[in-house]
Structure formats: C-alpha cells, structure tokens
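First the proteins, then the strands, lettered A, B, ... as listed; each starts at 1.
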Number of protein chains: 2
Amino acid sequence: MEPDHTRLHQQLQFIVEIDKLKHVLRQTLLIDKSRRENDAEHSWHLAMMAMLLSEYAETEVNLVRVLKMVLIHDLVEIDAGDTFCYDEQAIQTQADREKAAADRIFGLLPADQTSQLRSLWEEFEAKHSADARFATALDRLQPILHNYHTQGGTWKKAGVTIAKVRQRIAPIALGSPRLGEFAEALIQDALRQGFLANEG
Amino acid sequence: MEPDHTRLHQQLQFIVEIDKLKHVLRQTLLIDKSRRENDAEHSWHLAMMAMLLSEYAETEVNLVRVLKMVLIHDLVEIDAGDTFCYDEQAIQTQADREKAAADRIFGLLPADQTSQLRSLWEEFEAKHSADARFATALDRLQPILHNYHTQGGTWKKAGVTIAKVRQRIAPIALGSPRLGEFAEALIQDALRQGFLANEG
C-alpha cells in the first residue's frame with residue numbers, strides 16, 4: 001500500500017489479515033438458531049459485556065485492558081481453529097497450535113505492538129490477574145447464555161452433562177462471584193427445563 | 001431469569017437482545033468476497049483499529065471512550081437497519097428511524113447505563129469531540145480498506161465515482177490527518193487500478 005511508511009503499512013496489513021476471524025466458526029449457535037457464531041462476533045459480544053458488567057468483577061478491573069483482552073483473545077484461532085471445549089483430544093494439541101499462531105499473527109505488527117498484544121494474550125490465557133479472571137468469566141458466561149436461550153443448543157448436540165458444564169463455568173465465580181451465582185442458577189434452570197442432561 | 005435481581009436482569013436482557021446485531025448486513029463484502037459483513041463483526045474490527053491506530057489521532061483521544069463508541073455505534077441498526085451511505089432516499093429518513101431505535105434499545109438497560117450509552121451514541125453521531133472524530137475516521141476507513149482489497153467491491157456494484165468516495169472519506173482527515181492522507185492515496189490507487197470510476 002505505502003511501502004515508504006513501514007509502521008502504518010504493517011498495522012494495516014494486520015488489520016486486513018484479521019478479517020479472517022470472521023470466518024472462524026464456534027460451536028455456539030446465534031440466539032435465533034439460524035447459524036453458528038463466528039469468533040469476531042463473539043469477541044464483540046464479550047466487549048459489550050465487559051463494558052456493561054464490570055461492576056460485578058471480583059476485584060476492580062482496568063476496563064481498557066479487559067476490552068483489549070477480549071477483543072484479541074481468539075485471534076490465534078485464525079491459524080489454530082476453534083477448539084471445542086468438550087473435545088478432549090483436540091485440547092491436547094491446542095496450546096502448541098495456538099502458540100505458533102500467536103508467533104505468526106501478532107508478529108505481523110510493529111515490534112512494540114507485537115509485544116503488547118502477545119503479553120495481553122498470555123495474561124488472558126494464564127487467568128491469574130484480576131483483568132484476565134474477569135475477561136475469562138465473560139468468555140465462559142456468554143456461551144451459557146446462548147445455550148440457555150437456544151433451549152440447550154450445543155449442550156444437547158454434544159450430549160453434555162451438567163457436571164461437565166459446571167466444570168467449564170467454574171472460572172466465572174473466580175472473576176465475578178455474582179455472575180458465578182447467576183450462571184449456576186441458569187444451568188440449574190436449564191436442567192429443570194430439560195436443556196441439559198443430568199448424566200451422560 | 002432472576003426476577004429478584006432487576007439490575008442484572010435488565011443488563012442480561014440487553015446482552016441477549018443485541019445478539020441481533022449479528023444479523024444486520026452491511027453492503028461491504030468480507031475481504032475474501034465470500035459474503036457481506038455484518039454489523040457486529042464490523043464493530044469488532046473498528047475496535048481493533050482503535051486499539052492499534054490511536055497514535056494517529058489528530059488530538060490525543062481517550063481510548064476507552066473511543067472503544068465504547070465504536071462498539072455501540074451501530075446498535076440502533078437492530079431496529080433501523082443498515083442505511084447504504086450512497087442511497088440518498090434512505091438517508092432522509094435515517095435520523096428519525098435511528099432515534100426511535102435508540103429509545104427502545106438503550107432503554108432496555110438500567111437508567112444510568114441507558115443514559116451513558118445514549119450520550120456516547122449522540123456524541124458519535126455529532127462528530128464534534130476528538131474521540132468522536134477519531135471513531136468516525138475509523139468507521140469511514142474500514143470499508144475503504146475492504147473495497148480496495150476486494151478490487152472495488154461495493155463501489156463497483158453501486159457504480160460509485162471517486163468524487164462520491166472522496167466526499168464520504170472527508171471525515172477521516174478530521175479525525176486523523178495521517179489516515180486521511182493514506183485514504184486519499186488508496187482511492188487514487190483504486191482509480192488507477194480500475195476499482196473505482198472517475199465519472200458516473
């Protein structure tokens with residue numbers, strides 16, 4: 001585009017490259033059940049949740065850092081693909097595939113931004129900081145909302161039990177006790193309504 | 001969901017409602033030309049641009065405010081639909097349709113958040129503040145990138161001339177002189193390559 005302006009050129013090449021996130025499909029259905037959700041839409045939805053629900057974070061969070069984390073958290077899936085959280089085989093190779101993807105994708109940016117995004121992504125993955133714990137809580141809560149509002153969605157398709165979902169949503173309470181309580185109430189209601197199985 | 005917790009209930013109802021933004025199609029094609037882009041993906045893409053390009057803002061911006069603006073700027077289109085920027089008839093009714101949509105959609109939230117989102121959206125629409133001018137620059141730049149990388153995309157389909165595009169991208173330079181220069185260079189190159197017509 002503009003070979004003489006390397007920095008802006010690299011940034012714009014990255015911005016064009018990440019258009020591919022709109023093609024990475026998740027298991028989750030949209031709430032009207034018309035199709036599967038993609039990673040770009042999902043990331044937008046998490047950013048909206050961060051903006052509206054930060055008052056429930058367990059420890060006060062830095063909103064701009066949480067927003068950045070949820071916006072970038074799935075970029076590695078452009079290369080590594082979406083790994084279904086209940087697919088135990090795929091999960092074994094997930095970390096290596098995602099690290100290679102992070103090297104390539106974040107590496108398209110100027111060095112300072114490569115390192116900023118890489119370290120935010122690693123912080124998100126590690127789930128230790130208050131910001132990462134809250135971002136993870138949102139990432140676990142959003143598909144629960146979708147599965148509930150699609151009368152079981154992915155849970156039914158994959159024959160997932162309440163015990164498995166409970167394991168999956170455990171991090172919600174670590175980032176936000178209030179949202180953790182809500183998620184537990186929601187899956188209990190899903191069980192009562194037959195959206196979710198008690199045993200496999 | 002939890003009738004005894006009105007505030008969280010309202011917030012979650014809103015979060016479920018805005019899933020509909022994933023169904024609002026824009027005129028813009030994805031860069032691989034496989035389909036049209038939707039508003040949720042577009043909003044995510046603008047947020048990524050805000051995060052990476054804020055160094056080019058004409059005046060220093062408040063990143064978290066810019067992020068919020070771009071994340072919410074198209075929510076009114078859930079009710080009002082996407083208005084094609086080169087459709088002069090639709091543009092005449094756009095403001096009224098979008099105001100009614102803002103009343104309903106932002107009104108789903110608790111009062112403090114209704115007023116926060118409403119005022120951010122109005123600020124974005126007014127294009128006066130530095131944050132709004134920069135958010136607008138990104139909103140005008142992103143489709144230009146898509147049209148360029150799809151060898152003319154929407155421009156060709158609608159028979160748009162360089163004069164019309166130049167009018168459409170004028171706000172880019174107001175939010176970011178550097179990105180304004182880049183956009184002008186890009187459309188001149190698009191003209192040379194035949195992606196864009198000189199006259200209608």
Side-chain angles (χ1 to χ4, degrees), chain A residues 1-2 5 7-9 11-12 14-23 30-32 34-35 37-53 55-56 62-65 67-68 70-72 75 109-110 113 116-117 141-142 145-146 148-149 178-179 181-182 185-186 189, chain B residues 1-2 5 7-9 11-12 14-23 30-32 34-35 37-53 55-56 62-65 67-68 70-72 75 109-110 113 116-117 141-142 145-146 148-149 178-179 181-182 185-186 189:
Chain A
M1 290 188 257
E2 289 193 324
H5 295 106
R7 182 172 174 85
L8 179 56
H9 178 76
Q11 291 163 324
L12 290 167
F14 177 86
I15 286 162
V16 167
E17 175 68 16
I18 64 173
D19 198 59
K20 294 178 182 164
L21 197 66
K22 302 170 188 172
H23 299 290
L30 297 190
I31 287 172
D32 79 345
S34 60
R35 61 170 173 82
E37 186 185 40
N38 69 56
D39 272 348
E41 300 167 328
H42 161 69
S43 303
W44 166 80
H45 215 162
L46 296 194
M48 287 298 307
M49 291 170 72
M51 192 176 148
L52 295 167
L53 303 178
E55 66 194 84
Y56 304 111
N62 179 328
L63 183 56
V64 75
R65 296 186 80 255
L67 286 170
K68 287 177 176 182
V70 298
L71 289 167
I72 69 159
L75 283 175
L109 285 165
Q113 293 187 327
Q116 192 205 36
L117 267 65
L141 177 60
Q142 190 249 8
L145 283 175
H146 277 244
Y148 181 85
H149 286 278
R178 182 75 194 82
L179 296 177
E181 272 168 41
F182 166 78
L186 201 70
D189 191 45
Chain B
M1 286 186 256
E2 289 195 324
H5 296 106
R7 182 173 174 84
L8 179 57
H9 178 76
Q11 290 163 325
L12 291 167
F14 177 87
I15 286 162
V16 167
E17 174 68 16
I18 63 173
D19 198 59
K20 293 178 182 164
L21 198 67
K22 302 170 188 171
H23 299 290
L30 297 190
I31 287 173
D32 79 345
S34 60
R35 61 169 174 82
E37 186 185 39
N38 70 56
D39 272 348
E41 299 167 328
H42 161 70
S43 303
W44 167 78
H45 216 163
L46 295 193
M48 287 299 306
M49 291 170 72
M51 192 176 147
L52 295 167
L53 302 177
E55 65 194 84
Y56 304 111
N62 179 329
L63 183 57
V64 74
R65 295 186 80 255
L67 286 170
K68 287 177 177 181
V70 299
L71 289 168
I72 69 158
L75 283 175
L109 285 165
Q113 293 188 328
Q116 191 204 37
L117 267 63
L141 177 60
Q142 190 248 7
L145 283 175
H146 278 244
Y148 181 85
H149 286 279
R178 181 75 194 84
L179 296 177
E181 272 168 42
F182 166 78
L186 200 71
D189 191 46

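Residue A:N38 touches chain B through its side chain alone, counting heavy-atom pairs closer than 4.5 Å. Within the 4.5 angstrom heavy-atom criterion, only side-chain atoms of B:Q11, from C-beta onward, approach chain A. Using a 4.5 Å cut-off between heavy atoms, A:D189 makes no contact with chain B at all. Using a 4.5 Å cut-off between heavy atoms, A:L67 touches chain B through its side chain atoms alone.
Side-chain contact check for B:L117 versus A:M51: some heavy-atom pair is nearer than 4.5 Å. At least one side-chain heavy atom of A:L75 sits under 4.5 Å from a side-chain heavy atom of B:M48. For the pair A:K68/B:L63, a side-chain contact is recorded, criterion being any heavy-atom separation below 4.5 Å from C-beta on. By the 4.5 Å heavy-atom criterion applied to side chains, B:L8 and A:L179 are counted as neighbours. Looking at A:Y148 and B:V16, their side chains never come closer than 4.5 Å, going by heavy atoms from C-beta outward. Contact check for A:D19 versus B:H146: side-chain heavy atoms found under the 4.5 Å cut-off.
Interatomic distance, CG of B:L52 versus CG of A:L71, reported as 10.0 Å (0.5 Å rounding). Interatomic distance, A:D39 CG to B:E41 CD, rounded to the nearest 0.5 Å: 11.0 Å. The distance from atom CG of A:L30 to atom CG of B:L21, rounded to the nearest 0.5 Å, is 11.0 Å. We find the CZ-CG distance between A:F14 and B:L53 to be 10.5 Å, quoted to the nearest 0.5 Å. Here the straight-line distance linking atom CG of A:L141 with atom CG of B:L12 works out to 6.5 Å at 0.5 Å rounding. Expressed to the nearest 0.5 Å, how far CD1 of B:I31 lies from CD1 of A:I15 amounts to 10.0 Å.
A donor-acceptor pair is defined here as one N or O able to donate and one able to accept, closer than 3.5 Å; no such pair exists between the side chain of A:H45 and the backbone of B:I18.
Closest heavy-atom contact between A:R7 and B:E55: NE-OE2, 2.7 Å.
For the set B:S43, B:P110, B:A50, the count of heavy-atom pairs under 4.5 angstrom toward chain A peaks at B:S43.
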